[in-house]
Amino acid sequence: MESQDSAAGRYFASLNRALDGLDTYLNDDDSPLYKHDLIGTVVTEYLARLRGSLRSWEDRVAFAEKFRISRSESGFPAFQNLLELENDRRDAGKRLAAMPDEDTIRKEMVDFILSKKAVPVALQRTMAERRYLGSLEKGKHFSPLCLPRTVRVSVNPKTKRPYYVVHWGYYDGTANLPMIYVLSLEDSSTDMVDTLVEGEKLKRGVEIPLPVDGLLNPVLAHQFDDFCDRNSAYSLTLSTIASSLDKDFPTLHPKQLRRFVLGPFYHSEITVNGVIVDQILQKVKRPDNQWMLTWTLQEIYSMNERPGKWGLWGSQPPQEEFFLNTDDLDAARMGVSAYSKHALVPHEAYQAIYAEGQADAIFAGYETHIISGNKVLRRI
């Protein structure tokens, strides 16, 4: 594993601390939106995936030549690193089978030190590579596309349709940002209504072992996976994504779509994506407090569903009317009904920003959450 005395080691340590802080916030009594809502549980799952990737990258840095970080944009690892993880994961078993086990490598390291009176650099790299490949086999990672999963199923008593909650993860290759999508939708497919609905409730005796990999509707599951892969880019507004989904799947009716965009991440030593922020963070005395993490939660929801029309001269399936908040210029630009921006910062770093007289400018428009020990405080 990369030493925390190196720049890469300090970067990984700080990013892990930021994710730990976000976990603390998501489970804190002061964040009811997240704690008592499905999104908190969903985001926590993807944070675990991201930590799995970070652990693997730390091992990889110990024997690989390069590790790329989006220093001037997101502050997160560059997309190329995810592709390398995916490629290495495919042949991890084969490469591990050709390598000695950890006990053998460890014994060779001891023998080398005793006989050569030197550091066994090559063997250290071999050990790091073995641990890296092992983590790829065992751990969960944040992939370019973390395939959709259905996590809730119910029935809308008004429409008498099955109602699903589905989520998926996406790492944008251009913006280098990890994102999480949570979609609530109704399914009017005849076979799914017949299978799941009885009156205004789920049919008795139907067992659904949640979570279910993919969309619950098996006929549309692969097509839905492809849609998520093609329509999850950060450059697409939620309005565009929801409208495309409504158009491409006549029997699926999106009622609410949320996007959790993690980042940018700021680090005093690594990033140059926030000149003022980076410069102030450099003045923080403790290296483990020289960071700041931001995220944005966007949402769009349907106000109304226009009924479908069928006749001799053509037909038109039901169509959602999504609410766009045109009274808020930023919301209109994002193509959303609502949004909120958040910043998570260690107490020492917040004090440094406040002392420089930059708190109001840096945190304007953000809900600010300050890490103090094992607690998260709201900005006063």
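Just so you know, these numbers use all the heavy atoms, side chains as well, and skip hydrogens, waters and symmetry mates.
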Carefully, step by step, assess L344 and T294 under the rule side-chain contact (heavy atoms from CB on, under 4.5 Å). CA-CA 6 Å; L344 182 73; T294 63; over 6 Å; no
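- Judged by distance alone, the side chain of S53 and the main-chain N or O of F142 form a donor-acceptor pair under 3.5 Å.
- One distance of note links CD of Q351 with CD1 of I280; it measures 13.5 Å at 0.5 Å rounding.
- No more than 12 heavy atoms of other residues, nucleotides or ligands shown are found within 6.0 angstrom of OH on Y234.
- Between R55 and D59, none of the side-chain N atoms (NZ, or NE/NH1/NH2) sits under 4.0 Å from a carboxylate O, so this pair counts as no salt bridge.
- Residues M192 and L216 form a side-chain contact, since some pair of their non-hydrogen atoms from C-beta on lies under 4.5 Å apart.
- Remark: E137 CD to L133 CG distance equals 8.0 Å, nearest 0.5 Å.
- In this structure the side chain of N81 reaches within 4.5 angstrom of the side chain of W57, judged on heavy atoms.
- F76 and Y171 have their aromatic ring centers separated by at least 6.0 angstrom.
- Closest heavy-atom contact between M292 and I362: CE-CG2, 4.2 Å.
- Looking only at side-chain heavy atoms (C-beta outward), S244 and L236 stay at 4.5 Å or farther from each other.
- The pair R10-E58 does not meet the salt-bridge criterion, since no charged nitrogen lies less than 4.0 angstrom from a carboxylate oxygen.
- Tracing side-chain contacts under 4.5 Å through hydrophobic residues (I, L, V, M, F, W, Y), one reaches F265 starting from Y25; they form part of the same cluster.
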side-chain contact (heavy atoms from CB on, under 4.5 Å) for Q290 and S14? Distances and angles first, verdict last.
CA-CA 8 Å; Q290 296 176 338; S14 294; 6.0 Å; no
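- The two residues F322 and A242 make their nearest non-hydrogen contact at CZ-CB, 3.6 Å.
- Contact check for V151 versus L210: no side-chain heavy atoms found under the 4.5 Å cut-off.
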Begin with the C-alpha distance, continue with both residues' side-chain angles, and end with the deciding distance and a verdict on salt bridge (charged side-chain N to carboxylate O under 4.0 Å, His left out) for D111 and K107.
-> CA-CA 6 Å; D111 292 342; K107 183 178 182 300; 3.3 Å; yes
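- Counting heavy atoms of neighbouring residues, nucleotides and ligands inside a 6.0 Å radius, atom CG of L114 exceeds 12 of them.
- Within the 3.5 Å criterion, the main-chain N or O of D23 finds a donor-acceptor partner in the side chain of N27.
- Scanning both residues, S268 and Q282, for their nearest heavy atoms gives O-NE2, 3.3 Å.
- In this structure, the side chain of N273 engages the main chain of E73 through a donor-acceptor pair within 3.5 Å.
- With respect to E198 and R204, a salt bridge is recorded, a charged nitrogen being found less than 4.0 Å from a carboxylate O.
- Counting only N and O atoms by type, the side chains of S337 and N325 include no donor and acceptor under 3.5 Å apart.
- Closest non-hydrogen pair, L85 versus S56, comes out as CD2-CB, 4.0 Å.
- M127 places a side-chain heavy atom less than 4.5 Å from the side chain of R106.
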- For the pair E200 and K158, evaluate salt bridge (charged side-chain N to carboxylate O under 4.0 Å, His left out) and give the outcome as yes or no after the intermediate values. CA-CA 8 Å; E200 298 179 353; K158 294 183 179 180; over 6 Å; no
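- Between N176 and S74, the closest heavy-atom pair is O-OG, 2.7 Å.
- In this structure, S232 and W168 have side chains that are in contact, with non-hydrogen atoms separated by less than 4.5 Å.
- In summary, R259 and E299 do not engage in a salt bridge, as defined by a charged side-chain N under 4.0 Å from a carboxylate O.
- From L215, atom CG reaches atom CZ of R149 across 14.0 Å, with rounding to the nearest 0.5 Å.
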Original post:
Would E320 and R306 count as a salt bridge (charged side-chain N to carboxylate O under 4.0 Å, His left out) if you check the C-alpha gap in whole Å, the side-chain angles of each, and the deciding distance to 0.1 Å?
Top reply: CA-CA 6 Å; E320 302 298 326; R306 290 204 299 267; over 6 Å; no
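- In this structure, the side chain of T251 does not engage the main chain of D187 through any donor-acceptor pair within 3.5 Å.
- By the neighbour-count criterion of 12 heavy atoms within 6.0 Å, atom CG of L147 is densely surrounded, having more than that number from other residues, nucleotides or ligands.
- Both L54 and L262 belong to a single network of hydrophobic side chains, linked directly or stepwise wherever heavy atoms of I, L, V, M, F, W or Y lie under 4.5 Å apart.
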TODO: For I371 and Y350, run side-chain contact (heavy atoms from CB on, under 4.5 Å): C-alpha distance rounded to whole Å, both residues' side-chain angles, the deciding distance at 0.1 Å, then the answer.
DONE: CA-CA 9 Å; I371 294 284; Y350 179 78; over 6 Å; no
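- Here the rule is side chain to side chain contact (heavy atoms under 4.5 Å, CB included) with D194, and of L196, T190, D191, V197 only T190 fits it.
- Note on D20 versus R51: salt bridge recorded, some NZ/NE/NH1/NH2 to OD/OE distance being below 4.0 Å.
- Applying the 6.0 Å contact sphere to NZ of K375 captures no more than 12 heavy atoms from other residues, nucleotides or ligands.
- A continuous path of hydrophobic side-chain contacts links L202 to Y164 [ILVMFWY only; heavy atoms under 4.5 Å].
- Defined by atom type and a distance below 3.5 Å, a donor-acceptor pair is missing between the side-chain atoms of S302 and Q256.
- The CG atom of L293 lies 9.5 Å from the OH atom of Y266; values are rounded to the nearest 0.5 Å.
- Across all their heavy atoms, S239 and I300 have their closest contact at CA-CD1, 3.5 Å.
- Enclosure of atom CZ in F63 by more than 12 non-hydrogen atoms of other residues, nucleotides or ligands within 6.0 angstrom is indicated.
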*Could you please spell out the steps behind the ring pair (Phe, Tyr, Trp, His ring centres under 6.0 Å) verdict for H342 and W295?*
CA-CA 5 Å; H342 300 258; W295 69 90; 5.1 Å; yes
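- By the criterion of side-chain heavy atoms lying less than 4.5 angstrom apart, applied directly or through intervening Ile, Leu, Val, Met, Phe, Trp or Tyr residues, V336 is not grouped with Y301; the two fall into different hydrophobic clusters.
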Got a list of side-chain donor-acceptor pairs under 3.5 Å for residues 91-100, not counting sequence neighbours?
{"from": "R95", "atom 1": "NH1", "to": "D88", "atom 2": "OD1", "distance (Å)": "3.2"}
{"from": "R95", "atom 1": "NH2", "to": "E129", "atom 2": "OE2", "distance (Å)": "2.8"}

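- Here the OH-CE distance, from Y339 to M334, works out to 5.0 Å after rounding to the nearest 0.5 Å.
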Begin from the C-alpha positions of K283 and E356 and carry the test salt bridge (charged side-chain N to carboxylate O under 4.0 Å, His left out) through to its verdict. CA-CA 10 Å; K283 299 179 181 180; E356 292 288 326; 3.0 Å; yes
Q.
Run the side-chain contact (heavy atoms from CB on, under 4.5 Å) test on R49 and H141 for me, step by step, so that the C-alpha distance in whole Å, both residues' side-chain angles and the decisive distance to 0.1 Å come before the verdict.
A. CA-CA 4 Å; R49 284 181 170 271; H141 299 80; 5.7 Å; no
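- F260 has its side chain out of reach of Y181: every pair of non-hydrogen atoms, C-beta onward, lies at least 4.5 Å apart.
- Looking at E84 and R68, a side-chain N of the basic residue comes within less than 4.0 Å of a carboxylate O on the acidic one, giving a salt bridge.
- A heavy-atom distance below 4.5 Å is not found between the side chains of Y163 and V155.
- Put simply, CD1 on I180 and CZ on R258 are 12.5 Å apart, with the number rounded to the nearest 0.5 Å.
- Both I208 and F224 belong to a single network of hydrophobic side chains, linked directly or stepwise wherever heavy atoms of I, L, V, M, F, W or Y lie under 4.5 Å apart.
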